[in-house]
There are 2 protein chains.
Amino acid sequence: MITRRAKYALKALLYLAQQPEGQTVLIRDLAKAERIPKKFLEQILLDLNRKGILQSRKGKGGGYLLGRSPAKIMMGEVIRLTDGPLAPVPCVSKTAYHRCEECVDEKTCRIRRVMKDVRDAIAGVMDKTSLADMLGKKGMKGA
Amino acid sequence: MITRRAKYALKALLYLAQQPEGQTVLIRDLAKAERIPKKFLEQILLDLNRKGILQSRKGKGGGYLLGRSPAKIMMGEVIRLTDGPLAPVPCVSKTAYHRCEECVDEKTCRIRRVMKDVRDAIAGVMDKTSLADMLGKKGMKGA
DNA sequence: AAGTAGTCTAGTAAATAGGTAGAGTAAATA
DNA sequence: TATTTACTCTACCTATTTACTAGACTACTT
């Protein structure tokens, strides 16, 4: 299961993706529109900002906007930034590999083999679906 | 990420799957062989026993054995029993559906649509891979 | 300078993860 | 039938994570 944090992040990004190019949105308005606790959303957006997925402007007329076009922000990236690796076990993660502590021998691990397939299956969907795809009328995948 | 509990469960089941038909294994030996804390393993096995995936025999000569043939125990089932639903959000789970509390309208939720695909991708691997498949030399899937 | 709006650090309650401890119960056998 | 063997069950525990809230601070605009 993904966290609420990840869902909020996706909802916020999808909302921003629907704004006209260059238009900023206040945290307050975003929170209200998507029913996300404002202070919690602040943290989430701040974090996504630091990670370069969105931009902010301070002072009057400020707010948040996407850092890239909605077609270039993949769901997989958002989930990784908020919840961590997509892989079900660390030893099959491509972006954050590290060995399983309890694992005796990775090379012969029966679980690892299947988990690789699971990871690829998850990434196969998430890394091919952009915000733009999610908003597209026909539910078609990118590319 | 799956829990350590789930990994231990899989390891234990895989170990049992490798025994000759009808052969029991002591918790103690299983714990030692797979390097799982014994008391923790007791709980896990007890739970899997209650859920019918394995059987036990008490007293001398007792121990644990699989409740079904390794070809009929699917990885997806094991993960569900230990960690819960495979689905990344409750509203797309086929075995444990319930709506997301924070969700305003499930019908039009953009996240839900993709998550359905993700769930199917995960289940597509996990529900088609049995313990026997995992032990098979060639890494082929069932059926 | 005033006001607006994002930034940053702490704190907190509840749930989950990953165990440990020890008494209880059933089966086998001497 | 007493003893031993092994699983069964309940309770407990600590650390971490999740999902927030509070409040001070900083930067930008007018």
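Within every chain, numbering begins at 1; the chains are lettered A, B, ... in the order of the sequence lines, protein sequences first and strands thereafter. All values below come from the heavy atoms of this structure, side chains included, with hydrogens, waters and symmetry mates left out.
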Sugar-phosphate only, base, or nothing, as touched by B/Leu45 at under 4.0 Å among non-hydrogen atoms: nothing
Touch class at under 4.0 angstrom, heavy-atom based, for B/Leu26 against every strand present: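 Since only primed, P, OP1 and OP2 atoms lie under 4.0 Å of B/Leu26, the category is sugar-phosphate.
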B/Ser56 side-chain N/O to D/dT8 phosphate OP1/OP2 under 4.0 Å: yes
Phosphate contact (D/dT8 OP1 or OP2) by B/Asn49 side-chain N/O below 4.0 Å: yes
Length of the line joining [X]:[atom1] and [N]:[atom2], which is rounded to integer Å:
X        : N      : atom1 : atom2 : answer
A/Ile36  : D/dC20 : CD1   : P     : 10 Å
B/Glu101 : C/dA14 : CD    : C1'   : 13 Å
B/Ile44  : C/dG19 : CD1   : C1'   : 10 Å
B/Gln55  : D/dA6  : CD    : P     : 18 Å
B/Leu41  : C/dA17 : CG    : P     : 18 Å

B/Glu77: which of B/Lys51, B/Arg68, B/Lys128 passes salt bridge (Lys or Arg N to Asp or Glu O under 4.0 Å): B/Arg68
B/Ile111 side, atom CD1; A/Tyr8 side, atom OH - distance, nearest 0.5 Å: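 These two atoms lie 11.0 Å from each other.
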Could you list, one pair per line, each protein nitrogen or oxygen that sits under 3.5 Å from a nitrogen or oxygen of nucleotides 8-12 of chain C, together with the distance?
| unit_1 | atom_1 | unit_2 | atom_2 | d |
| --- | --- | --- | --- | --- |
| C/dC8 | OP2 | A/Arg50 | NE | 3.3 |
| C/dC8 | OP2 | A/Arg50 | NH2 | 3.1 |
| C/dA10 | N6 | A/Gln43 | NE2 | 3.0 |

salt_bridge(A/Asp133, B/Arg113) N-O dist < 4.0 Å: no
Minimal non-hydrogen separation, A/Lys11 against B/Glu102, with atom names: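 Reported closest heavy-atom pair: NZ-O, 3.6 Å.
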Minimum heavy-atom distance between A/Val92 and A/Ala87, given as atom pair plus value: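 Scanning both residues, the minimum pair turns out to be CG2-CB, 3.7 Å.
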Single-linkage hydrophobic cluster, 4.5 Å side-chain cutoff, A/Met75 and A/Leu135 together: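 They do share one cluster, since a chain of ILVMFWY contacts under 4.5 Å joins A/Met75 to A/Leu135.
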Protein-to-nucleotide contact annotation, 5' to 3' order, nucleotides 13-19 of chain D [B base; S sugar-phosphate only; - none; under 4.0 Å, heavy atom]: -----SS
Where protein sits on nucleotides 25-30 of chain D, one letter per nucleotide: B base, S sugar-phosphate only, - none, heavy atoms under 4.0 Å: --SBS-
Nucleotide paired to C/dT29 in any strand shown, Watson-Crick or G-U, under 3.5 Å: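 Pairing partner: D/dA2.
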